[in-house]
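Note sheet for the following structure.
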Amino acid sequence: MKHRMTQNDLLRRLPQERLSLLRELGNLADEGGVSLYLIGGVVRDLLLKRENWDLDLTVEGDGIAFARLVADRYGAGLAAFERFATARLVFPDGLKMDIATTRRESYAQPAVLPTVQPASIEEDLSRRDFTINAMAMQLNPGQFGRVLDAYGGQRDLRARTIRVLHAGSFQDDPTRIFRAIRFEQRFGFRLERTASRLLAQAASTNLIQQLSGPRLQNEILLLFAEHDSVRAIARLAQLKLLRFLHRRLCYTTNVRRVVTAVPKALAWWARRFTDSVVDRPIVYLMALSSESSPAVVAAMIRRLALSRVQAENVSAGGSRIDRALKRLTNKGTVRPSQVYRLFADLSDEALVLLLAKQVSRQHGVRLSLLKRHLVAYVKNRTIKTALTGRDLQTMGLKPGPRYKTILGKLLDARIDGMITTEAEERAFLQKRFGLVG
Ligand code: ATP
């Protein structure tokens, strides 16, 4: 006989202290006379036996009032967003939890944020993106663990299928196009036939163009943060969605090679430089636009409303990296200080891209040379000169642009190992620039 999992088995997949907390919150909901549910992705992931640290709860009643009750009881921090009838709690141990009010959403126009009104749990589930995300689990004591699944979410999880709840879903909210690709790639699921047709239809219109910059950016960067970003990007290209980043952005063979080399470059970098925190999605965006003209890249940056730091990174993806790569993989030796100068303006993201470009060229010898340069550079970039501008002043040099040149030469000599002590620095300044002090 086929084993049927009981609802309590499902919740036992949660860590014990989470499970206890949810039970307590269920009791608190009964005291407050409201129905409380775990909802959306966390229910899906419980069924899939995947870890999910986002505890999304929803209250049939006043969500914010219930969140206040919880905050008082547990000494949690609370931020309430009245307009969306939601609250975010941060517990003393750092646990974060979102508590919403069950609601109905209506879209005045496609692609804009909806207006919300309180509604039943059934209606709340009916506004969700896909059947696998449209399930809830009740937490009130009498009903603890009861799964609400009106749209066949469990059936679709078993069939590894992504299905929309109604035909207008992608039109109402084109971010669901990207969400569909995200879940499809993450779980290795397939879009159900109608959903696939509707997605292709919505993708062929200009709906995505109407999304605001920050919303489009969010979807793109989330997609690029997935485990297999390369496949996600290939899927975007296949669905002709890259045009929404810029109409001239093309997934050429060269770009594909660089994008495909990024995971290897990232893995090498992470192994070598454990302290460096690299913005992975941005590296993919850089790789994707690495063959585009500066004008196209600049327009894409504006379209995605990237932050200043992100924008600086992405615009460095082109010529500067190519110049450095050319110089370093040419024949002839390069001094460590020259490598330093070539890399000094590049962020770690740009250096990872540089490595990916070389990996994509599949030239073993030059690749190992480049890796050696990178290791030496990362070590050398912590080197500082003992003498500073203040010392130059003491030596009677008037402050001005020469300071930068002189201190630069001093640093180069240190990096190249020609001098190692302050006394040697002083001797160097005397010999090269006639400075004494
Ligand atoms: P992830 O694991 O990537 O966080 P998630 O499903 O938990 O996936 P969230 O963005 O945290 O995604 O959203 C939580 C839930 O809210 C979803 O499971 C879904 O039910 C609902 N939801 C989120 N975005 C949308 C949307 N654009 N349209 C409809 N429902 C949505």
Side-chain angles (χ1 to χ4, degrees), residues 14 37-59 63 81 84-89 96-107 109-116 119-137 147-154 156-157 161-189 191 195 198-199 202-203 207-208 210-212 214-229 232 280-281:
L14 285 170
Y37 304 90
L38 207 54
I39 197 156
V42 57
V43 177
R44 173 200 70 214
D45 288 346
L46 265 175
L47 287 158
L48 285 174
K49 297 191 189 160
R50 288 174 70 102
E51 233 166 53
N52 184 328
W53 298 113
D54 289 338
L55 278 188
D56 286 338
L57 270 66
T58 193
V59 172
F81 309 98
F84 299 103
T86 58
R88 164 150 271 220
L89 292 172
K96 295 192 180 80
M97 180 184 285
D98 286 326
I99 300 187
T101 306
T102 51
R103 65 197 200 220
R104 155 184 333 128
E105 290 182 344
S106 43
Y107 292 85
Q109 288 169 51
V112 297
L113 288 173
T115 48
V116 304
S120 66
I121 180 74
E122 287 78 17
E123 277 183 284
D124 188 286
L125 289 171
S126 74
R127 72 176 172 87
R128 305 229 161 208
D129 48 2
F130 309 114
T131 58
I132 58 169
N133 289 340
M135 291 181 276
M137 199 182 271
V147 177
L148 278 73
D149 178 14
Y151 300 97
Q154 293 174 91
D156 286 337
L157 280 180
T161 296
I162 296 169
R163 187 190 303 268
V164 285
L165 271 57
H166 61 92
S169 187
F170 291 119
Q171 241 123 37
D172 279 351
D173 180 356
T175 64
R176 292 174 187 164
I177 295 173
F178 299 101
R179 292 178 61 85
I181 300 172
R182 233 164 80 206
F183 297 125
E184 179 194 62
Q185 300 302 317
R186 185 191 304 170
F187 302 134
F189 283 13
L191 278 159
L198 293 169
L199 186 144
L207 266 176
I208 294 175
Q210 295 166 36
L211 284 176
S212 70
R215 289 186 79 200
L216 182 61
Q217 179 204 125
N218 184 47
E219 294 305 326
I220 293 293
L221 296 186
L222 278 176
L223 198 52
F224 291 2
E226 285 293 319
H227 177 68
D228 194 346
S229 320
R280 288 181 51 230

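Counting starts at 1 for both ligands and their atoms, following the listed order.
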Checking F187 against R50 for the side-chain contact (heavy atoms from CB on, under 4.5 Å) test, could you report, in this order, the C-alpha distance in whole Å, the side-chain angles of both residues, the deciding distance, and whether it holds?
CA-CA 10 Å; F187 302 134; R50 288 174 70 102; 3.4 Å; yes
Please report the shortest heavy-atom distance between F170 and A195, naming the atom on each side.
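In this case the closest contact between F170 and A195 is CE1-O, 3.6 Å.
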Do the non-hydrogen side-chain atoms of [X] and [Y] ever get within less than 4.5 Å of each other?
| X | Y | value |
| --- | --- | --- |
| D173 | D129 | no |
| V164 | F130 | yes |
| L216 | I208 | yes |
| D149 | L125 | no |

Starting from [atom], find the nearest protein heavy-atom neighbour and note its residue, name and distance.
| atom | value |
| --- | --- |
| atom 5 (P) of ligand 1 | R44 NH1, 3.8 Å |
| atom 4 (O) of ligand 1 | D54 OD2, 3.9 Å |
| atom 28 (N) of ligand 1 | R176 NE, 2.8 Å |
| atom 29 (C) of ligand 1 | D129 N, 3.1 Å |
| atom 26 (C) of ligand 1 | D173 OD2, 3.6 Å |
| atom 14 (C) of ligand 1 | D56 OD2, 3.7 Å |

What do we get for V42 next to ligand 1 when only non-hydrogen atoms under 4.0 Å count, side chain, backbone, both or neither?
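None of V42 does.
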To the nearest 0.5 Å, what is the distance between CD on E105 and CD on E123?
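So the CD of E105 and the CD of E123 are separated by 11.5 Å.
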Atom pair CD1 (I132) and CZ (R163), whose distance is rounded to the nearest 0.5 Å:
11.0 Å
Would you mind finding which of R128, R50, R179, R127 brings a heavy atom closest to atom 23 (C) of ligand 1?
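Heavy atom nearest to atom 23 (C) of ligand 1 belongs to R179.
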Determine, considering heavy atoms only, which of A100, A225, G153, G41 sits nearest to atom 18 (O) of ligand 1.
G41
Contacting atoms of ligand 1, where contact means under 4.0 angstrom from a heavy atom of [X]:
| X | answer |
| --- | --- |
| F183 | 6 (O), 8 (O) |
| R186 | 1 (P), 2 (O), 3 (O) |
| T175 | 27 (N) |
| G40 | 18 (O), 20 (O) |

Any nitrogen or oxygen of D45 lying under 3.5 Å from a nitrogen or oxygen in ligand 1? Just yes or no.
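No - when backbone and side-chain N and O of D45 are compared with those of ligand 1, no distance drops under 3.5 Å.
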Any N/O pair N52/ligand 1 closer than 3.5 Å
no
Is it true that R103 and D124 have a side-chain N and a carboxylate O under 4.0 angstrom from each other?
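Salt bridge: no.
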Lys/Arg-Asp/Glu bridge criterion (N-O < 4.0 Å) met for D156, R44
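So D156 does not pair with R44 through a salt bridge.
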